[in-house]
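Just so we're on the same page: letters track the sequence lines, and every chain starts at 1. Just the heavy atoms: all of them, side chains too, but no hydrogens, waters or symmetry mates, feed the values below. A quick note: this is a predicted structure, and the numbers were derived from the prediction, not measured.
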Protein chains: 2
Amino acid sequence: MLPIHEQISEALRSRIRSGELPVGSRLPPESTLMEEFGVARGTVRRALRTLNEQGIVQTLQGKGTYIRSGRPEPSIAQTLVGLSESLSYSEKSLTTTVLTQEVVPVSAYPEFPTSVDPAEKLLYLDRIRYLDNVPVARLRNWVRLQLAPGIESTDFVTTALFTALEACVRGRVASGRRTFEAVLADGDIAESLEISTIVPLLFLKQVTYLDDGDVVECSDVWMDSQHVTVAMNLVR
Amino acid sequence: MLPIHEQISEALRSRIRSGELPVGSRLPPESTLMEEFGVARGTVRRALRTLNEQGIVQTLQGKGTYIRSGRPEPSIAQTLVGLSESLSYSEKSLTTTVLTQEVVPVSAYPEFPTSVDPAEKLLYLDRIRYLDNVPVARLRNWVRLQLAPGIESTDFVTTALFTALEACVRGRVASGRRTFEAVLADGDIAESLEISTIVPLLFLKQVTYLDDGDVVECSDVWMDSQHVTVAMNLVR
DNA sequence: CAGTGGTCTAGACCACCGG
DNA sequence: CGGTGGTCTAGACCACTGC
């Protein structure tokens with residue numbers, strides 16, 4: 001049983017998908033939606049907030065709520081997905097090499113959030129991603145085995161980390177936080193991406209949370225922005 | 001006169017910045033904040049929603065609202081805001097130097113989307129942004145004067161481009177698309193940011209759209225990621 | 001169990017938009 | 001001006017958390 005506001009936002013999404021509410025047109029005003037769904041205004045507004053956050057509609061004060069045009073292009077930076085999930089929208093072939101896959105103590109990754117018991121074990125993954133056999137990204141991941149038991153025996157050549165995570169984790173993979181920096185490659189990274197150490201790289205640092213707020217995974221990713229573009233769609 | 005919920009979120013941000021509410025600690029429960037600020041619960045929740053969206057706190061059902069780790073980084077990447085709008089959440093002072101402000105033909109910026117009449121005029125802006133007098137970003141913007149008449153006479157030392165845009169534009173500033181790359185600074189950029197040409201920079205390219213889909217502005221921004229971090233919050 | 005946030009109601013007043 | 005969304009109140013009940 002979903003909350004009422006989610007049922008309403010899904011009902012409206014469905015009408016938009018079907019074309020019953022065409023792109024560019026105005027949604028019924030909140031007062032009408034209140035009557036139609038038999039709810040209070042706050043509930044209608046909660047549903048419209050979701051659609052605004054998803055970029056499906058746009059609400060303008062004094063005017064109304066309008067259906068936005070077109071599907072936004074896939075972008076790495078919008079929702080929490082793994083790198084392979086976002087790269088797979090391109091037409092190029094995606095392959096992975098696993099350099100290291102081993103169980104290590106939490107202390108092996110000093111930046112892991114301090115709230116974690118130092119006696120816990122992590123799965124450490126070190127991989128290279130190729131697009132059409134050109135190396136484009138070096139990925140290092142640390143996963144808490146306590147929260148994703150069994151993930152250490154996954155074959156990461158054929159399975160994406162995110163897929164494995166969602167299969168092994170008890171709760172739900174819910175949110176994340178990414179930061180971007182520009183860095184120069186050190187020798188090891190440069191060699192694996194087949195570039196020189198004076199090529200600037202996009203460096204992405206990520207922390208992934210379960211729905212209860214527990215940190216389940218940390219990543220360091222270096223990307224060659226000559227080959228991989230980080231793009232995002234924004235709404236006002 | 002700001003809405004009450006914004007005053008509350010700013011008050012809480014200020015307490016977090018000052019260290020009165022330390023990182024990792026729990027905010028007072030909503031009931032306490034209601035009493036303290038003398039408002040209804042909905043208003044407190046509206047303020048906390050803003051802080052969650054900005055990545056400053058994280059709210060967990062049944063547990064409370066917690067202050068997230070790390071300095072409150074400008075979350076430049078979540079919604080469409082100008083650079084100053086995102087940087088102004090940090091505790092540092094933000095200043096701007098205008099290097100160039102002039103009206104140029106569309107042909108001056110060859111990358112401007114092709115749909116624009118080449119006879120149109122653009123406002124060309126070239127600026128440097130400082131945080132606590134340290135140069136952190138170099139910004140070049142091209143704005144279609146036809147869509148934002150009068151913007152060319154704005155004083156951009158005191159006014160942010162986004163503020164001026166929203167004041168001059170007929171429609172609404174509605175959406176945008178940003179891409180990130182890592183680049184090395186060329187001589188001019190390096191000099192303005194007081195760095196050497198082998199320091200890697202985050203290079204942000206942006207196109208801004210009005211609600212009717214017209215391109216109103218293009219930007220090229222170089223940021224020194226040693227001083228400005230691009231952070232974003234993601235949901236599954 | 002008490003405390004917390006998530007949802008929902010039924011009102012109110014205001015600011016903005018268009019004709 | 002009427003219609004729209006933005007803000008705000010004062011309640012209510014529920015689900016989840018931790019003890």
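- Side-chain atoms of B/T59 lie closest to C/dG6 of the nucleotides D/dT7, C/dG6, D/dT4.
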Readout for nucleotides 10-19 of chain D: B = base within 4.0 Å of protein heavy atom, S = sugar-phosphate only, - = neither; 5' to 3' it is --B--BBSS-
Pair B/E30, B/R45 - check salt bridge (Lys or Arg N to Asp or Glu O under 4.0 Å), show working. CA-CA 7 Å; B/E30 294 174 356; B/R45 286 178 62 73; 3.0 Å; yes
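- Here the C1' atom of nucleotide D/dT9 and the CZ atom of B/R46 are 16 Å apart, to the nearest Å.
- Separating the CG atom of B/L33 from the C1' atom of C/dT4 is a distance of 12 Å, rounded to the nearest angstrom.
- Cation-pi check for B/R68 over A/Y209 is met; the charged atom lies under 6.0 angstrom from the ring centroid and within 45 degrees of its normal.
- Listed nucleotides C/dG5, C/dT4, D/dG5 differ in distance to B/R26; the shortest reach to its side chain belongs to C/dT4.
- The pair B/R138-B/D126 counts as a salt bridge, with a side-chain nitrogen and a carboxylate oxygen less than 4.0 angstrom apart.
- Donor-acceptor pairing under 3.5 Å is lacking for the side chains of A/Y109 and A/N141.
- The interatomic distance linking B/M1 (CE) with C/dA15 (P) rounds to 12 Å, in whole Å.
- Side-chain atoms of A/T43 lie closest to C/dC8 of the nucleotides D/dT9, C/dG5, C/dC8.
- The nearest whole Å value for the distance from the CD atom in A/E35 to the C1' atom in D/dG3 is 14 Å.
- Ion pairing between B/D220 and B/K205 holds under the 4.0 Å rule for side-chain N and carboxylate O.
- Here the P atom of nucleotide D/dC8 and the CZ atom of B/F37 are 13 Å apart, to the nearest Å.
- Of the listed residues (A/L48, A/V44, A/T32), just one forms a side-chain contact (heavy atoms from CB on, under 4.5 Å) with A/L27, and that residue is A/L48.
- Between A/I8 atom CD1 and C/dT9 atom C1' there is a gap of 13 Å when expressed in whole angstrom units.
- For C/dC8, neither phosphate oxygen OP1 nor OP2 lies less than 4.0 angstrom from any side-chain nitrogen or oxygen of A/R45.
- Between the side chains of A/T59 and A/T65, at least one donor-acceptor pair of N or O atoms lies under 3.5 Å.
- Nearest to the side-chain atoms of A/I4 among the listed nucleotides D/dG5, C/dG5, C/dC8 stands C/dC8.
- Axis orientation changes by 20° from one end of the helix from C/dC1-D/dG18 to C/dG18-D/dC1 to the other, with each end axis drawn from 5 pairs and the value rounded to 10°.
- In this structure, the CZ atom of A/R49 is 11 Å from the C1' atom of C/dG6, given to the nearest Å.
- Remark: the B/T208 side chain and the B/Q206 side chain contain an N/O donor-acceptor pair separated by less than 3.5 Å.
- Formation of a donor-acceptor pair under 3.5 Å by the B/S14 side chain with backbone atoms of B/E10 is not found in this model.
- Residue B/H5 contributes atom NE2, which lies 13 Å from atom C1' of C/dC14 at whole-angstrom precision.
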